[in-house]
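Residue numbers begin at 1 in each chain, while the letters A, B, ... track the order of the sequences. Given the structure is predicted, the values throughout are model-derived calculations rather than measurements.
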Amino acid sequence: MTAVFTRRPGLRGIRAGGSPLHLVCLGLVALIVTAALLAPWLVPHDPNAVDLGGALAGPSPDHPLGVDAAGRDTLSRLLLGARTSLLGPLGVVVFSTLAGVAVGTAAAWRGGWLDSVLSRSTELVFAFPGLLLAILIIAVYGEGLLAPVVALAVAYLPYVSRLTRSLVLAERARPYVSAYQVQGHSGLQICLRHVLPNIAPVVLAQATVNFGYALMDLAGLSFLGLGVPALTPDWGRMVFDGQTAIQHGYPLSAVLPCVLIVAFNVVGERWADRVARRTP
Amino acid sequence: MPEYALQAVGLTRSYGAVRAVDGVSFALPKGGSLGIVGESGSGKTTTARIVVGLEQADAGEVLVGGARRASAVRGRARRLARAREVQMVFQDPLQSLDPRTSVESVLRETLGLHFPGRDHTPRVRELLDQVGLGPRAADARPGGLSGGQRQRVAIARALAVEPAVLVLDEAVAALDVSVQAQILNLLADIREQTAVGYLFITHDLGAVRCVTDDVIVMRQGRVVEAGSTSEVLGSPRHPYTRLLMDSVPRPGWDPARIAEARRTL
């Protein structure tokens with residue numbers, strides 16, 4: 001008798017993706033994104049409703065994740081805070097990736113003086129800490145989500161552009177690029193249709209890692225009381241508010257945002273790992 | 001005087017102190033087939049890359065149909081016209097095809113660039129048929145094809161442009177022997193059907209015998225012997241050509257003697 005093994009590619013993909021930590025994080029991330037999208041309909045309480053009498057109460061049927069020092073419902077703030085806390089890093093990643101890829105590709109493809117100008121000027125940004133740049137811009141333009149997002153996007157751009165430049169340089173040396181040139185395709189066409197799709201997995205993997213960093217940086221900024229306006233629920237601000245709660249022995253409102261940030265990073269780095277292994 | 005599809009006049013290219021190509025001239029008649037043979041480092045690939053325009057010559061010029069081939073062009077129309085003069089098939093088909101692109105979309109992309117606004121479906125089928133690939137191969141990506149099939153795709157892609165001259169740079173060197181024979185036969189058939197000229201670059205003297213009318217022998221960037229293929233390979237005059245022919249392994253072959261002959265050359 002012969003046993004027939006049928007392989008189910010979908011399931012195998014998940015199993016190859018492996019560790020339980022990764023799976024838990026993946027589930028958490030999916031949950032948060034859904035929750036953030038549906039937040040206005042999901043929140044059980046007004047996130048800014050203050051109930052000083054019940055401050056720092058533990059989990060109860062009415063407040064499943066307890067309340068913070070001002071008596072605000074942690075779950076409601078977590079859900080609504082997910083929106084600002086995810087939208088900000090998303091903006092940083094989208095802008096820095098698009099601009100970084102454009103700069104890196106132009107530098108690698110053209111070479112010569114353009115490469116020198118672009119590479120040196122992006123390296124100038126390296127010399128300046130991203131958070132400091134953000135604080136500077138906020139100091140000039142005042143609070144708001146846009147200023148720190150733009151500042152961090154500029155700070156993250158060199159990472160993406162350097163990666164892209166080296167990838168495009170390697171890709172450019174491959175004979176298929178010469179083949180398309182001989183065929184009469186323009187440099188722009190070759191880049192858009194062939195080079196960029198071929199390097200995209202690696203760049204996207206870097207972008208997810210950047211998402212985690214940007215999330216932490218933005219949370220850090222609002223922890224410092226910069227960036228997000230005071231009454232908007234935000235994870236960084238919650239950690240800041242929760243700091244006193246931890247000192248009083250009520251950790252939930254501070255710990256939950258941290259767990260979520262870690263989950264995002266685990267998922268992003270895992271994806272980057274897998275992509276790195278797949279491409280030779 | 002016969003009309004030439006391709007002429008090279010005094011091509012020279014140096015890398016630092018090394019003269020990779022040193023005053024190379026040759027002429028390829030319309031619909032003819034010219035072989036360039038030589039060992040690794042003899043400058044034959046650089047010559048090919050100058051002809052297709054991937055490298056610039058320091059001196060000398062390439063004439064296509066009697067007109068000078070521009071070294072670099074701007075503008076879409078001139079770029080396409082230039083591409084229709086000379087096309088190239090590279091040594092390693094896996095490297096010269098984008099791994100992400102299926103066979104059909106490779107051909108469609110090229111046809112769409114050169115012949116926009118037409119229905120390409122019949123032409124794609126015709127090209128696949130011409131290089132001996134079935135319609136089933138059309139959906140495959142390069143990774144899913146054998147070496148011979150990949151090289152057929154590369155040939156089809158070059159033919160899609162309908163070039164006057166096809167440069168084949170070691171086009172069969174990466175394939176195993178039986179597949180080499182198939183591709184060489186295919187190339188001979190295509191030349192009969194389309195009257196495209198071949199510039200066939202190789203180190204393989206057997207392959208040269210199969211597909212070329214004339215041959216030039218290159219050594220250290222210079223042409224050392226030129227003539228019709230049967231003449232040059234039948235009664236080689238230059239000692240280097242004799243050495244190349246003696247270097248092909250066969251029964252009773254003595255590598256030590258070849259090495260000795262190489263030193264005295």
Side-chain angles (χ1 to χ4, degrees), chain A residues 7 9 12-13 16 97 101 104-106 108-115 163-164 166-207 271 274-280, chain B residues 45 48-49 51-55 72-101 105-116 142-143 150 153-163 165-167 169-170 174:
Chain A
R7 292 199 166 205
R12 195 181 42 168
T97 304
V101 165
T105 308
W109 193 265
R110 284 275 159 196
W113 63 267
L114 187 69
D115 186 16
L163 177 76
T164 309
S166 62
L167 287 172
V168 171
L169 276 180
E171 204 68 16
R172 216 199 143 168
R174 293 175 58 177
Y176 81 82
V177 173
S178 303
Y180 279 111
Q181 281 173 329
V182 171
Q183 294 249 289
H185 294 266
S186 70
L188 188 68
Q189 275 175 318
I190 299 173
C191 280
L192 289 179
R193 288 218 198 118
H194 300 284
V195 173
L196 290 186
N198 271 315
I199 66 167
V202 183
V203 173
L204 286 181
Q206 173 70 40
W271 191 27
R274 289 184 62 177
V275 168
R277 238 180 295 141
R278 197 164 43 209
T279 45
Chain B
T45 291
R49 291 176 71 86
V51 168
V52 294
L54 288 169
E55 299 269 351
V73 289
R74 289 206 159 268
R76 183 185 160 87
R78 297 173 68 184
R79 200 176 63 233
L80 295 185
R82 193 172 125 92
R84 279 197 281 271
E85 293 170 356
V86 180
Q87 277 299 305
M88 183 164 179
V89 175
F90 292 78
Q91 172 168 6
D92 184 350
L94 185 57
Q95 294 285 318
S96 69
L97 297 167
D98 181 350
R100 283 181 49 267
T101 317
S105 46
V106 167
L107 297 179
R108 278 185 185 278
E109 195 176 349
T110 299
L111 290 170
L113 182 72
H114 284 273
F115 310 102
R150 284 178 205 140
V153 175
I155 294 170
R157 174 175 66 176
L159 290 176
V161 181
E162 298 174 11
V165 176
L166 191 55
V167 175
D169 182 16
E170 301 276 17

- Which bit of Pro93(B) comes within less than 4.5 Å of chain A, counting heavy atoms only: side chain, backbone, both or neither? neither
- Modelled atom types, side-chain donor and acceptor of Asp98(B) and Tyr180(A), under 3.5 Å: no
- Message: Can you tell me which portion of Leu54(B) sits under 4.5 Å from chain A's heavy atoms? Options are side chain, backbone, both or neither.
- Response: side chain
- Task: State plainly whether the residues Arg174(A) and Glu171(A) are in salt-bridge range, i.e. N to O under 4.0 Å.
- Result: yes
- Query: Where does Gln91(B) contact chain A at under 4.5 Å (heavy atoms): side chain, backbone, both or neither?
  - Reply: neither
- Task: Report the option among Leu113(B), Leu80(B), Val52(B), Val161(B) that has the most heavy-atom pairs separated by less than 4.5 Å from atoms of chain A.
- Result: Leu113(B)
- Item | Modelled atom types, side-chain donor and acceptor of His114(B) and Glu109(B), under 3.5 Å | no
- Task: Please flag which part of Gln183(A) lies under 4.5 Å from any non-hydrogen atom of chain B: side chain, backbone, both or neither.
- Result: both
- The interface call for Val86(B) against chain A, heavy-atom contacts under 4.5 Å, is backbone
- Item | Gap between atom CZ of Arg150(B) and atom CG of Leu94(B) - 0.5 Å precision | 4.5 Å
- In plain terms, say whether Arg84(B) and Glu162(B) are close enough for a salt bridge, that is, a side-chain N and a carboxylate O under 4.0 Å apart. no
